[in-house]
Visitor: 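Before I ask anything, here is the structure I am working with.
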Amino acid sequence: MTEPRDVPYRYEPDATAAGLAAEYGHLEPGVETGTEVTVAGRLMLRRGQGKLVFGQLADSSGRIQLFAPANVTPRFDEFGKLSLGDWIGVRGEVMTTRKGELSIKVLDWTLLAPTRRPFPDKWHGLSDADTRYRQRYVDLWVTDEARRTFQLRSRLVSLTRRWLEDRGFLEVETPIFHPVLGGAHAKPFVTHHNALDIDLYLRIAPELYLKRLVVGGFEKVFEIGRVFRNEGLSPRHNPEFTMLELYEAYADWHDVMALTEQLVSFLAEELTGSTTVSYQGRDIDFSLPWRRATLAELIEEQIGVRVGLDTPVDELRSLCDEHDVPWEDHYGAGKLLLELYEKTAEGEQWHPVFATEYPAEVSPLARDHRELPGMTERFEIIVAGRELGNAFSELNDPDVQRERFEDQVRQGEAGDDEAMSVDEDYLRALDYGLPPTGGLGIGIDRLVMLLADVATIRDVVLFPTLRPEQDGH
RNA sequence: GCGCCUCUAGCUCAACGGCAGAGCAAUGGACUCUUAAUCCACAGGUUGGGGGUUCGAAUCCCCCGGGGCGCACCA
């Protein structure tokens, strides 16, 4: 047998399984093309026929059959003893078998890396979720769906970048380490910088830095990056996840709504072939335009009562009680409205809807609604009962922003451990002037879940957060 | 953090108070057109860990650990 030390340092495949299928898939049975190609990958199946061995080689594009007759394939006995899972390189002739299966007649082969551990059952694959997440390197080989999902994720991010760049957006990278907490409502991870001897937060959102860049003259910016929120795990929450945020100067929330529905329906069409996407057995219609509805309308649809900021707090509280929505004494009408909406209406939405008109009390970074006092020009994108994104006309008045920050601090003192603090440098940036700006944040993981039709975020994150393995596991 | 469910051979699963089993993978052999190849042979285990009840525990009880789902939390 070939020893690991004998394997080459490099190999040069010139074809892939999918490429060969595309080029030669039409061949009749029993054809020998005379064309030689070199492929590489893992041996995933093997069927011995005495002096003839069939194999199936998998590479990142797919699988192709290997056809190895004893009188053609060198070191035939060794070839027949390869382990399922071994990496090999194969040079051979493109051909079809008598039954018509596209194959490579093995004229030469090289062991590229042996596997020391047996691969999971060739038919049943891996079903244990724990093993699939911990040993993703195995899962990706044996679970076609997993591989497809992550390839789709990659294309989604790539398409998004190109789509935004084509519209003049500039991709930027802003700090992961934040000295001041802000940009979202979430508990942070805290870390420490030794040389500076300061605690830093892992960012919960890039928002405040991106808006600084608009102040700096980058009129259209976006960032696709990881954010970190110190909260529980669930099928829809991973503590680190990927957010797309973008900001466009001179735009308002209506512009952002249009951009959002165009981008997402474009991605749906590109990645699934249609703007109608099947999700968990039910269709989601991403075709334009998406529904727009205010929080108050969505609440009314569920509970049959028209509520608003002018509804007395006592009345809102009893409505909350009536619908098993917990509330606290320091909640104002705005927060009560939001809670009522989230607990009664959000989960009921299926097709994309822009939920609009959020109270200022719960929207510290959004600009006041131009007509409705106490409301902001903010909307969330709800699909399949979940929040997919959040957007608004950006608050650009430094004085109002300071008041909102200070209100956040008060909410923090009242017991909200996810409230923001006052970001003085951000206020200074606003002093220099943030033009009218529209901003958007979209959870990339959740979007991938929808378009790849998977139920848990762990199936769209390559290495989801898990407890570390321990003895006895 | 709480509740429910779950953990058996490398993988997928049986056995559910009475000798821990099968298929695939592995190992040895037969086979020149297979498609989860087939056939013969052989091997494989502190049943997640620890404790208890019992004549007897994978099975019942308790503690611990991993995972899943729900709640809480969470834009």
Side-chain angles (χ1 to χ4, degrees), chain A residues 29-30 44-56 63-73 76 80-85 95-103 105 115-135 138-139 141-143 183-188 204-205 207 227 229-239 241 243 245 324 326 338-339 341-343 346 355 358 362-366 378-382 386-392 416-418 441-443 446 455-458 464 466-473:
Chain A
M44 297 305 282
L45 287 176
R46 194 188 54 233
R47 294 180 286 275
Q49 283 287 312
K51 297 297 178 199
L52 174 63
V53 167
F54 293 91
Q56 198 173 65
R63 295 188 178 193
I64 188 157
Q65 176 162 278
L66 303 177
F67 180 89
N71 58 358
V72 169
T73 299
F76 176 79
K81 288 177 179 168
L82 285 168
S83 294
L84 298 189
M95 55 162 282
T96 51
T97 61
R98 283 177 209 160
K99 296 270 177 64
E101 170 114 9
L102 182 65
S103 305
K105 187 192 288 181
T115 175
R116 288 186 180 185
R117 296 173 187 259
F119 262 62
D121 188 282
K122 63 189 178 186
W123 183 247
H124 297 100
L126 262 184
S127 67
D128 181 54
D130 187 29
T131 308
R132 289 191 50 227
Y133 302 142
R134 287 191 200 280
Q135 301 182 225
V138 176
D139 183 43
W141 285 105
V142 296
T143 313
H185 196 73
K187 285 192 274 282
I204 56 174
E207 171 153 357
V227 299
R229 299 187 182 179
N230 207 336
E231 53 201 37
L233 305 162
S234 90
R236 289 159 296 282
H237 300 269
N238 196 60
F241 62 98
M243 180 97 99
E245 282 202 11
D324 296 321
L338 182 69
E339 292 296 319
Y341 156 76
E342 286 186 347
K343 299 292 192 297
E346 187 176 274
Y358 279 67
V362 293
S363 311
L365 302 170
R378 172 183 172 192
F379 67 88
E380 287 195 354
I381 307 135
I382 309 301
R386 301 172 201 151
E387 185 207 344
L388 180 64
N390 184 22
F392 29 87
D416 184 348
D417 57 358
E418 294 163 354
I442 286 185
R446 289 187 178 178
T456 163
I457 196 169
R458 295 183 207 91
L466 298 173
R467 275 203 173 76
E469 277 183 285
Q470 289 176 350
D471 294 339
H473 166 58

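Letters go in sequence order (proteins before strands), and every chain restarts at 1.
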Visitor: The side chain of A:E101 lies closest to which of these nucleotides: B:rA25, B:rU35, B:rC33?
Guide: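 For A:E101, the side-chain atoms sit closest to B:rU35.
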
Visitor: Can you list the stems that include RNA chain B, where a stem is three or more consecutive Watson-Crick or G-U pairs with distances under 3.5 Å?
Guide: B:1-7 with B:65-71, B:10-13 with B:21-24, B:27-30 with B:38-41, B:48-52 with B:60-64

Visitor: Among B:rA26, B:rA37, B:rC73, which nucleotide has an atom closest to any side-chain atom of A:E418?
Guide: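 Looking only at heavy atoms from C-beta outward on A:E418, the closest nucleotide is B:rC73.
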
Visitor: Strictly by modelled atom types, are A:N390 and A:R378 linked by a side-chain donor-acceptor pair under 3.5 Å?
Guide: yes

Visitor: Categorize A:R229 for me: base, sugar-phosphate, or nothing, with a 4.0 angstrom heavy-atom threshold over every strand shown.
Guide: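 Sugar-phosphate contact only.
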
Visitor: Quantified in whole Å, what is the C1' atom distance between nucleotide B:rC64 and nucleotide B:rU6?
Guide: 16 Å

Visitor: From the set B:rC69, B:rC33, B:rG67, return the single nucleotide nearest to any side-chain atom of A:F67.
Guide: B:rC33

Visitor: If I pick the C1' atom on B:rC7 and the same atom on B:rU46, what distance separates them, to the nearest angstrom?
Guide: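 Approximately 16 Å lies between the C1' atom of B:rU46 and that of B:rC7.
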
Visitor: Suppose you measure atom C1' in B:rU8 against the same atom in B:rC16; what distance do you get, rounded to whole Å?
Guide: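 Looking at atom C1' only, B:rU8 and B:rC16 are 12 Å apart.
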
Visitor: Looking across every strand, which nucleic acid part, if any, lies under 4.0 Å from A:L102 by heavy atom: base, sugar-phosphate, or nothing?
Guide: nothing

Visitor: Between B:rA15 and B:rA58, how far is it from one C1' atom to the other, in whole Å?
Guide: 9 Å

Visitor: From the set B:rU35, B:rG67, B:rU32, return the single nucleotide nearest to any side-chain atom of A:R47.
Guide: B:rU35

Visitor: Consider side chain to side chain contact (heavy atoms under 4.5 Å, CB included). Of A:L52, A:T73, A:T96, which one does A:F67 pass it with?
Guide: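 Exactly one candidate clears the test, A:L52.
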
Visitor: Roughly how far apart, to the nearest Å, are B:rG18 and B:rC33 at atom P?
Guide: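 So the two P atoms sit 49 Å from each other.
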
Visitor: Produce a footprint string for nucleotides 8-15 of chain B: one letter per nucleotide, 5' end first; B if the base is under 4.0 Å from any protein heavy atom, S if only the sugar-phosphate is, - if neither.
Guide: --SBSS--

Visitor: Taking B:rG56 as the reference, what is the distance to B:rG70 when you measure between their C1' atoms (whole Å, please)?
Guide: 38 Å

Visitor: Look at the side chain of A:P235 and decide which nucleotide, out of B:rC69, B:rU32, B:rA37, has an atom nearest to it.
Guide: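 Nucleotide nearest to A:P235's side chain: B:rC69.
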
Visitor: Hey, what do you get for CG (A:L66) to CZ (A:R47), rounding to the nearest 0.5 Å?
Guide: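 So the CG of A:L66 and the CZ of A:R47 are separated by 10.0 Å.
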
